[in-house]
Amino acid sequence: MEIQFSSSFACSLLIILVFLGCYSEATAGRGGIGGGIATYWGQNIREGRLTAACATGKFKIVNIGFLSTFGNGQLPQVNLTRHCSPICNGCWNVSAGIVNCQNDGVKVMLSIGGPHGNYSLSSGAEALDLADYIWNNFLHGHSTSLRPFGYAPLDGVDFRIERGEFSPYYTLLARRLYDYGRQWGRKVYLTAAPGCCFPDNYLTKSLYTGLFDYVWIRFFNDRQCQYNSGDPSVFRRSWMQWIHSIPARKFYVGIPASEEAGDGYVTPAVLIRDVLPFVKRSASYGGVMLFDLSNDVQTNYSSSISGRV
Ligand SMILES: *[C@@H]1O[C@H](CO)[C@@H](O)[C@H](O)[C@H]1NC(C)=O
Ligand SMILES: *[C@@H]1O[C@H](CO)[C@@H](O)[C@H](O)[C@H]1NC(C)=O
Ligand SMILES: *[C@@H]1O[C@H](CO)[C@@H](O)[C@H](O)[C@H]1NC(C)=O
Ligand SMILES: *[C@@H]1O[C@H](CO)[C@@H](O)[C@H](O)[C@H]1NC(C)=O
């Protein structure tokens, strides 16, 4: 009798705990049920500190952008605009933000490339060198000099390659980073931000490897595929083509977080009414990527769609 009582008590307790667990996951919008919001931090000081962004509980993934100088014999360098300067270790305290975000359950990625900067990969050797540099300076490796963002290991690397000549070596870079993770028993997340027109010149070949976890398709600055309420079929066709062609775990709809952030802005109301119901039918739908946080803090976009993603 006593045993029966305690086991059924334990059982109900378990059910309550599981329920609470699911409930808190769903309300925080962090995985499991439904989608999440990803964003970019680092390109404008008005967005505030990384810690504060993650503490809002609105984001599942934050990409720190950008590592925008590499290749061509250049020393790799991050550019976080006026947040800090990597010269003389000025960005060392980004470490605290990374740790705080991770403690809040937010994944933090290093985004390489970006819309500005001077980057390229012109040989296999250069790709392998960059992988070593990233592993040792931003992930779980060790560097002989001070790491730009301090000791905190990031969760992975985001490929935001959108400039320069096409290079086949990004595939090698992705594979090397993935292998480093395997070798040291650490998951290295790989994500990418291709333009919405399929195929994307810079990234499609790398994405075919199946090594990428999340792909945020940039549905902006390209009228051939960005959302257009006059003719939503263009957007829909592009989404379908991406998710059926590329073997990645999850796909996010990437949109500008304000009208100034890019051509292809959709209001939160239109996103909720017209875009989300369509993309959510795909099993590999992962959520929405807002570009970028500095625009989101102006428009409050993430708050307007939170709970609906
Ligand atoms: C960093 O990026 C910003 C914006 O893209 C650019 O204006 C600035 O010149 C860059 N800084 C350096 C040191 O390259
Ligand atoms: C790092 O510290 C400097 C100086 O205290 C501060 O101005 C800056 O905002 C900090 N950066 C971050 C990302 O916390
Ligand atoms: C990029 O860097 C290379 C090597 O330092 C230099 O030759 C080239 O002029 C730079 N390109 C731009 C657009 O700044
Ligand atoms: C942002 O939107 C949320 C929900 O719509 C609201 O609660 C919050 O006060 C807004 N914040 C600002 C700064 O407008």
Side-chain angles (χ1 to χ4, degrees), residues 38-50 53 62-95 97-98 108-134 137-138 143 145-150 154 157-170 172-173 191-195 200-203 216 218 220-222 254-265 289-299:
T39 193
Y40 281 80
W41 177 90
Q43 289 299 289
N44 194 314
I45 192 128
R46 75 175 175 209
E47 65 205 347
R49 298 274 184 101
L50 197 50
V62 175
N63 299 295
I64 301 184
F66 292 100
L67 180 79
S68 53
T69 300
F70 58 81
N72 233 327
Q74 305 173 100
L75 218 57
Q77 197 161 83
V78 290
N79 179 338
L80 299 188
T81 57
R82 284 169 51 224
H83 280 288
C84 58
S85 162
I87 314 288
C88 301
N89 307 313
C91 295
W92 205 80
N93 59 351
V94 173
S95 228
I98 294 166
V108 187
M109 313 282 296
L110 172 72
S111 187
I112 66 167
H116 312 288
N118 187 341
Y119 54 87
S120 62
L121 283 182
S122 49
S123 68
E126 218 166 55
L128 297 179
D129 281 351
L130 182 61
D132 289 356
Y133 177 82
I134 292 174
N137 284 281
F138 296 97
S143 178
S145 54
L146 275 180
R147 291 161 53 109
F149 297 163
L154 280 85
V157 180
D158 176 54
F159 285 51
R160 174 86 187 256
I161 307 304
E162 53 184 304
R163 276 169 74 91
E165 299 203 349
F166 164 78
S167 162
Y169 303 110
Y170 286 105
L172 184 60
L173 172 65
T191 67
D200 173 273
N201 282 342
Y202 295 106
L203 290 168
W216 5 92
R218 285 183 284 120
F220 45 93
N221 299 334
D222 193 338
I255 47 162
S258 78
E259 271 176 284
E260 292 82 57
D263 193 24
Y265 174 77
M289 181 275 274
L290 293 175
F291 190 74
D292 60 3
L293 186 64
S294 70
N295 290 286
D296 185 59
V297 299
Q298 302 277 90
T299 58

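Counting convention: from 1, in listed order, for ligands and their atoms alike.
- With hydrogens left out, the protein atom closest to atom 12 (C) of ligand 1 is Asn79 ND2, 3.4 Å, a heavy atom.
- Set against the non-hydrogen atoms of Gln74, the atoms of ligand 3 under 4.0 Å away are 2 (O), 5 (O).
- Taking a distance limit of 4.0 Å, we find that atom 2 (O) of ligand 1 is approached by some protein heavy atom.
- The nearest heavy-atom contact from the protein to atom 4 (C) of ligand 1 is Thr81 CG2, 4.0 Å.
- The ligand atoms of ligand 1 that sit less than 4.0 angstrom from a heavy atom of His116 are 5 (O).
- Judged by distance alone, the side chain of Ser120 and the main-chain N or O of Gly71 form no donor-acceptor pair under 3.5 Å.
- Between the CG atom of Leu154 and the CG atom of Leu110 there is a distance of 6.0 Å, given to the nearest 0.5 Å.
- Ring planes of Phe149 and Phe138: perpendicular class, angle over 60° (limits at 30 and 60°).
- The main-chain N or O of Gly42 is found under 3.5 Å from a side-chain atom of Glu47 such that the two form a donor-acceptor pair.
- Nearest non-hydrogen protein atom to atom 11 (N) of ligand 3 is Asn118 ND2, 2.9 Å.
- Of the protein's heavy atoms, none falls inside 4.0 Å of atom 7 (O) of ligand 1.
- Contact annotation: the side chain of Ile112 approaches that of Ile134 to within less than 4.5 Å [non-hydrogen atoms, C-beta and beyond].
- Ser111 and Asn63 share no donor-acceptor pair across their side chains, judged by distance under 3.5 Å alone.
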